[in-house]
Amino acid sequence: MTTHYLVLSALLFAIGAVGVLVRRNAIVIFMCVELMLNACNLAFVTFARQHGNLDGQLIAFFVMVVAAAEVVVGLAIIVTIFRTRRSASVDDANLLKY
Amino acid sequence: MEPAKIVEHAGGVIGASWLMIALPLLGAAILLLGGRRTDRWGHLLGVAMSLASFVVAVVTFFELIGLPGGERRRAVGLFEFIPGLVDMGLLIDPLSISFALLITGVGSLIHIYSIGYMSHDPGRRRFFSYLNLFVAAMLLLVLSHNYVGLYIGWEGVGLASYLLIGFWQYKPSAATAAQKAFIVNRVGDFGLAIGIFTIWTTFGSVTFQGVFESTLKPEQGVLTAIGLLLLLGACGKSAQVPLQSWLLDAMEGPTPVSALIHAATMVTAGVYLVVRSGAVFFPEGSTAALFAAIVGTVTLLAGAIIGMAKDDIKKGLAGSTMSQIGYMMLGAAFGPVGYAFAIGHLITHGFFKANLFLGAGSVMHAMNDEVNMRRYGALRKALPVTFYTFLIGYLAIIGFPLLSGYFTKDGIIETVIHHNEVLGWLAVLGAGLTGFYMSRMVFMTFFGEKRWADDAHPHESPAVMTIPLVLLSIGSIFLGGYLVLGGRFMTFLGPAVGMPEGGVPAFHPFTVPGLATLALVAVGAAIAWLRYGRVPVPVTAPRGSFLTTFARRDLYGDALNESLFMRPGQWLTRIAVFFDNRGVDGLVNGLAAGIGGTSGRLRRVQTGFARSYALSILFGAAVVAGALLLVGNL
């Protein structure tokens with residue numbers, strides 16, 4: 001019965017991953033990361049239901065907390081980069097390399 | 001008769017004999033540490049320390065001869081040097097005190113002479129500190145009661161000679177000569193060091209008492225090996241063939257240094273070592289003694305031949321030193337009689353060689369440091385004191401009857417002929433050569449016509465230089481007779497080196513070898529007069545036969561060393577350098593270059609594009625997930 005949920009979770013994760021890989025705008029990439037995290041949450045909750053214990057739901061809460069913290073830090077970085085470079089493209093910020 | 005037993009001694013003058021070493025050492029320390037502040041009175045302190053040491057030696061000597069003959073070997077313990085292994089101490093016996101008197105006595109005269117000789121040199125204070133160091137090291141060498149102390153003095157003498165030969169270090173030739181002396185000496189020191197190690201493992205002791213009075217009976221082969229190693233050391237210090245090459249170059253130092261090296265210190269150390277170790281390592285008829293005799297004979301002829309061709313007055317004298325030390329080495333190979341004559345000759349030689357060298361220095365001083373005898377001539381009027389003292393030294397060294405050299409050299413020759421006809425007659429031949437080259441030197445320097453450089457205005461040296469000359473020439477006249485007649489010196493030395501079986505041999509003035517020696521010396525002197533006295537001496541040296549060239553170039557000793565040791569050594573280093581550059585460095589550098597190149601390529605992965613990192617993370621996650629699935633399915 002839970003197969004549909006898992007398929008949806010996999011689709012959402014794939015969309016997120018592709019978004020991260022192909023898009024340049026940092027905000028969009030960020031949203032795609034959130035999408036991947038929430039796809040994972042969906043998978044956790046589904047498995048919790050499937051196995052009849054609460055471990056998966058518990059971890060989902062942890063993921064949300066971490067995601068919230070990540071959003072705070074990540075958005076701050078993106079805003080700062082935008083202020084200095086007038087661009088939110090991740091390809092422009094490529095100075096740290098060989 | 002065996003040498004006397006060594007007895008422990010404490011207190012008295014003999015107990016304080018360490019002052020002999022300490023005083024000049026203190027002088028050297030004050031002058032070296034005091035620096036320029038001591039410039040004004042430095043030379044006086046140097047002379048005072050040397051004289052004080054001489055006084056201690058004289059007092060010790062009289063204290064020693066106050067003891068009965070069989071108790072004249074006193075060991076004075078000083079301190080524990082290496083706990084449980086080596087105690088430092090002095091051995092005061094007739095042999096060591098003879099050396100100490102010679103070193104401090106002649107050394108002091110050389111110190112006094114140097115006041116005048118070095119009076120215009122800005123480094124005079126430094127010079128005197130090195131002289132004091134030299135005397136202190138040499139005294140430690142001869143007075144120490146063990147081989148380790150002897151070795152320390154041995155190295156100290158090497159150091160002091162290095163500093164003094166290279167005293168005018170701004171001259172490249174002097175700097176090279178100093179290094180050469182040091183390096184050639186190292187070869188000999190190596191032999192001595194290994195010899196001492198072997199003595200330690202064989203006898204379990206390095207003190208003279210422990211070795212000479214040991215109850216162990218080591219194998220003859222071991223004793224011979226130790227003897228040969230000690231002989232190698234002696235060859236280095238005493239400039240015997242094959243380690244003779246440094247001595248002629250050592251003339252680069254100031255002349256008093258040459259006098260000190262050749263007369264009182266340094267080159268006598270080898271003879272001391274052989275005589276001191278003689279009873280155990282060089283007994284009569286042993287292989288080691290035979291080697292010492294052969295080395296001595298070869299050197300006495302080689303030195304004389306070199307001396308015959310040199311135009312440089314100091315180098316001529318240097319060849320003569322080699323030759324005379326050769327006589328001592330030869331004599332030291334033939335038991336107690338030989339020891340007595342060898343040491344006797346060493347002492348008289350100390351006087352007349354110092355006399356000759358200081359005389360040569362006085363001539364050079366008068367002639368603006370000219371050393372080429374072809375530029376001298378007719379100096380006997382200009383330098384009367386130098387001339388007469390030089391003449392006495394000359395007569396003493398060629399063995400003119402009744403002068404010092406006559407008694408001691410004749411003694412060596414008689415002793416050697418008694419044991420070994422061939423070597424003995426070669427020594428007689430050497431005496432003839434001595435007659436030639438020393439006469440040549442005197443004729444070229446003091447007789448004939450003036451061949452001076454245009455700006456030469458010879459003048460007699462100041463009294464501070466001539467008085468030591470006079471004192472030394474008095475020794476050159478009387479000392480030999482005093483020591484040899486009546487067997488005085490042999491009896492005195494007996495407790496230290498043993499007495500000959502059947503008592504002291506009487507002195508016979510008219511023997512076949514003795515008369516032959518005199519005749520050959522006369523022939524040599526006559527030839528010298530015919531070639532350098534009667535006819536004018538050309539100012540530029542004639543080319544001469546190949547024999548002359550052979551002798552002028554030190555019998556190709558340097559060329560031999562160069563082709564035998566230096567060139568192969570250079571090839572070896574070149575091969576080693578090639579192997580190091582291409583082999584070792586190649587491996588190390590290749591590895592480093594390989595890692596560097598690989599990392600340079602791997603670095604390119606870091607593109608700076610966040611999305612490409614994300615791709616590799618995804619790829620990695622996929623691989624991990626795939627691997628987990630695979631493992632889970634197994």
Side-chain angles (χ1 to χ4, degrees), chain A residues 6-7 9-44 47 50-51 63 66-67 70-71 73-82 84-85 87-98, chain B residues 179 566-634:
Chain A
L6 288 180
V7 169
S9 163
L11 276 174
L12 286 173
F13 190 89
I15 291 168
V18 170
V20 169
L21 291 179
V22 302
R23 298 302 297 260
R24 291 205 181 90
N25 191 313
I27 302 286
V28 176
I29 289 177
F30 212 60
M31 291 196 303
C32 292
V33 169
E34 292 300 319
L35 201 56
M36 287 159 77
L37 284 170
N38 283 306
C40 291
N41 275 351
L42 185 55
F44 277 126
F47 283 124
Q50 188 178 329
H51 295 293
V63 172
V66 171
E70 176 234 334
V71 166
V73 177
L75 272 179
I77 293 172
I78 290 168
V79 169
T80 315
I81 288 177
F82 183 78
T84 52
R85 300 180 168 264
S87 151
S89 166
V90 289
D91 285 4
D92 284 350
N94 66 346
L95 286 180
L96 192 65
K97 61 179 176 185
Y98 56 86
Chain B
Q179 289 185 358
M566 199 195 96
R567 297 276 169 223
Q570 275 185 334
W571 292 331
L572 196 68
T573 54
R574 270 187 214 146
I575 291 170
V577 166
F578 180 82
F579 178 74
D580 186 47
N581 281 345
R582 298 294 163 88
V584 177
D585 284 10
L587 194 70
V588 173
N589 289 346
L591 199 66
I595 290 173
T598 315
S599 57
R601 280 179 187 78
L602 280 178
R603 209 161 59 132
R604 296 276 158 188
V605 175
Q606 311 285 329
T607 53
F609 290 110
R611 292 183 299 138
S612 74
Y613 301 154
L615 183 61
S616 48
I617 292 171
L618 184 69
F619 180 71
V623 169
V624 170
L628 283 175
L629 282 178
L630 208 61
V631 172
N633 284 349
L634 280 178

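Below, read A as the first sequence line, B as the second, and so on, with proteins coming before strands; counting in each chain starts at 1.
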Which members of residues 567-579 of chain B, sorted by number, sit under 4.5 angstrom from chain A on a heavy-atom basis?
-> none
How long is the straight-line distance from [atom2] of [Y] back to [atom1] of [X], given to the nearest 0.5 Å?
X: A:D91; Y: A:R23; atom1: CG; atom2: CZ; answer: 12.5 Å
X: B:F619; Y: A:L21; atom1: CZ; atom2: CG; answer: 13.0 Å
X: A:D92; Y: A:I81; atom1: CG; atom2: CD1; answer: 10.0 Å
X: B:N589; Y: B:N581; atom1: CG; atom2: CG; answer: 9.5 Å

Side chains of B:T607 and B:Y613: closer than 4.5 Å at any heavy-atom pair?
-> yes
Side-chain touch A:V90/B:R611, heavy atoms, less than 4.5 angstrom | yes
Check whether any side-chain N or O of A:T84 sits under 3.5 Å from a backbone N or O of A:T80 as a donor-acceptor pair, and report yes or no.
-> yes
Side chain / backbone / both / neither for A:L96 at chain B, heavy atoms under 4.5 Å |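 Only the backbone of A:L96 comes within 4.5 Å of chain B.
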Among residues 24-40 of chain A, which ones touch chain B with a heavy-atom distance under 4.5 Å?
->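 Near chain B, by residue number: A:R24, A:I29.
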Does any heavy atom of chain A fall under 4.5 Å from the side chain of B:L615, the backbone, both, or neither of them?
-> both
